[in-house]
Amino acid sequence: MIEVVCGDITALEVDAIVNAANNSLLGGGGVDGAIHRAAGPQLLTFNRTLGGCKTGKAKISPGFRLPARYVISTVGPVWHGGEQGEPELLRSCYVNSLELALANNVCSIAFPGISTGVYGYPKDQAAVIAIRAMQAYTDRFKKIIACCFSEADAALYREVLQEHS
Ligand code: APR
């Protein structure tokens, strides 16, 4: 089932949380910064061994000090108006993260709004891509969480979920 929550993804007690990372996987601001702070320095040390991550792809690491067992880092597209493959790349982030989670026996997974912060992806368009991708996997996970960082974002995701159920 898909659940929309509002809060800090680093606090969620799920098998895996997804990080909206950059291509280096070496940390940054936003949710990337929050996850690295909460996981501790071992996440950076581990990610250094991964050799980066292409936009739209996903890589997995232990959760270290996080409640979550795994961090699945994915790199969303930077928004350039929507004509440069951004929708397909954003969808790939969700699908590749979900597939990687399945391959690691993850039963519960939480996503932030990938690309909707620094990368500038319009939240309403991103929410439709996110919910549609999650819905294709609901029968293979115990729980898929869309973790929003504001009540406004949560209301948007709930509305999209309602429209697409
Ligand atoms: N928990 C849940 N969601 C969060 C948190 C948090 N602790 N902190 C931020 N967010 C939300 C933001 O409000 C936004 O909706 O995560 C969403 C993604 O925003 P960003 O973190 O800015 O990620 P993104 O837009 O994908 O940009 C990625 O930012 O931090 C850098 O290294 C990162 O270069 C990469 C870029």
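Reckoned from all heavy atoms, side chains included, excluding hydrogens, waters and symmetry mates. One-based numbering, in listed order, for ligands and for the atoms of each. Computed from a prediction, not measured in an experiment: that's the story for all the values here.
- Within 6.0 Å of the CZ atom in Arg91, the count of heavy atoms belonging to other residues, nucleotides or ligands does not exceed 12.
- In the hydrophobic clustering of this structure, Val14 groups with Leu43; members are Ile, Leu, Val, Met, Phe, Trp, Tyr whose side-chain heavy atoms approach within less than 4.5 Å, directly or through other members.
- Among protein heavy atoms, atom 17 (C) of ligand 1 sits closest to Gly113 O, 3.3 Å.
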- Query: Passes side chain to side chain contact (heavy atoms under 4.5 Å, CB included), Thr74 versus Asn96? Steps please.
  - Reply: CA-CA 8 Å; Thr74 189; Asn96 286 325; 5.7 Å; no
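- Annotation: Glu99, atom CD; neighbour count of heavy atoms from other residues, nucleotides and ligands within 6.0 Å is above 12.
- For Gly33, no nitrogen or oxygen atom sits less than 3.5 Å from a nitrogen or oxygen atom of ligand 1, counting backbone and side chain alike.
- The Ala20 neighbourhood of ligand 1 comprises atoms 23 (O), 26 (O), 28 (C), 33 (C), with distances under 4.0 Å to a heavy atom of that residue.
- Listed by number with element, the atoms of ligand 1 under 4.0 Å from a non-hydrogen atom of Asp32 are 30 (O), 32 (O), 33 (C).
- Atom CZ of Phe149 and atom SG of Cys6 lie 8.5 Å apart (nearest 0.5 Å).
- What sits closest to atom 25 (O) of ligand 1 on the protein, heavy atoms only, is Gly117 N, 2.8 Å.
- For the pair Ser115 and ligand 1, a heavy-atom separation below 4.0 Å is found.
- Residue Lys123 approaches ligand 1 through these ligand atoms, each under 4.0 Å from one of its heavy atoms: 15 (O).
- For ligand 1, the atoms lying closer than 4.0 Å to a non-hydrogen atom of Thr116 are 14 (C), 15 (O), 17 (C), 25 (O).
- Counting the atoms of ligand 1 from 1 in the order shown, those under 4.0 Å from a heavy atom of Ala34 are 7 (N).
- Ligand 1 lies within reach of Gly7, whose nearest heavy atom is under 4.0 Å from it.
- Remark: ligand 1 and Gly29 share an N or O pair separated by less than 3.5 Å (distance only, no angle test).
- Counting the atoms of ligand 1 from 1 in the order shown, those under 4.0 Å from a heavy atom of Asp8 are 1 (N), 6 (C), 7 (N).
- Side chain of Ser115 to main chain of Pro77: a donor-acceptor pair is present (N/O by atom type, distance under 3.5 Å, no hydrogens or angles).
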- Query: Yes or no on side chain to side chain contact (heavy atoms under 4.5 Å, CB included) for Asn23 and Cys53, after CA distance, side-chain angles and deciding distance?
  - Reply: CA-CA 5 Å; Asn23 296 110; Cys53 184; 5.7 Å; no
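- In terms of N/O distances under 3.5 Å, ligand 1 is approached by Ile9.
- Note: the hydrophobic cluster containing Phe64 does not contain Leu26 (ILVMFWY, side chain heavy atoms under 4.5 Å, direct or indirect links).
- Ligand 1 lies out of reach of Thr10, whose nearest heavy atom is not under 4.0 Å from it.
- Closest protein heavy atom to atom 22 (O) of ligand 1: Val118 N, 2.9 Å.
- In the displayed structure, Glu163 atom CD is contacted under 6.0 Å by more than 12 heavy atoms of other residues, nucleotides or ligands.
- Just one residue in the list Ile109, Asp15, Asn19 forms a side chain to side chain contact (heavy atoms under 4.5 Å, CB included) with Ile72, and that residue is Ile109.
- Every atom of ligand 1 is numbered from 1 in the order shown, and the set under 4.0 Å from a heavy atom of Gly30 is 8 (N), 21 (O), 30 (O).
- A donor-acceptor pair under 3.5 Å is absent between the side-chain atoms of Glu3 and the main chain of Ile144, judged by distance alone.
- By the rule that hydrophobic residues join a cluster once side-chain heavy atoms approach within less than 4.5 Å of another member, Ile114 and Leu89 end up as members of separate clusters.
- Nearest non-hydrogen protein atom to atom 36 (C) of ligand 1 is Tyr119 CE1, 3.4 Å.
- Residue-to-ligand polar distances place Val31 within reach of ligand 1: an N/O pair is separated by less than 3.5 Å.
- Among protein heavy atoms, atom 13 (O) of ligand 1 sits closest to Phe149 CB, 3.6 Å.
- Among the atoms of Cys147, none of the N or O lies under 3.5 angstrom from an N or O of ligand 1.
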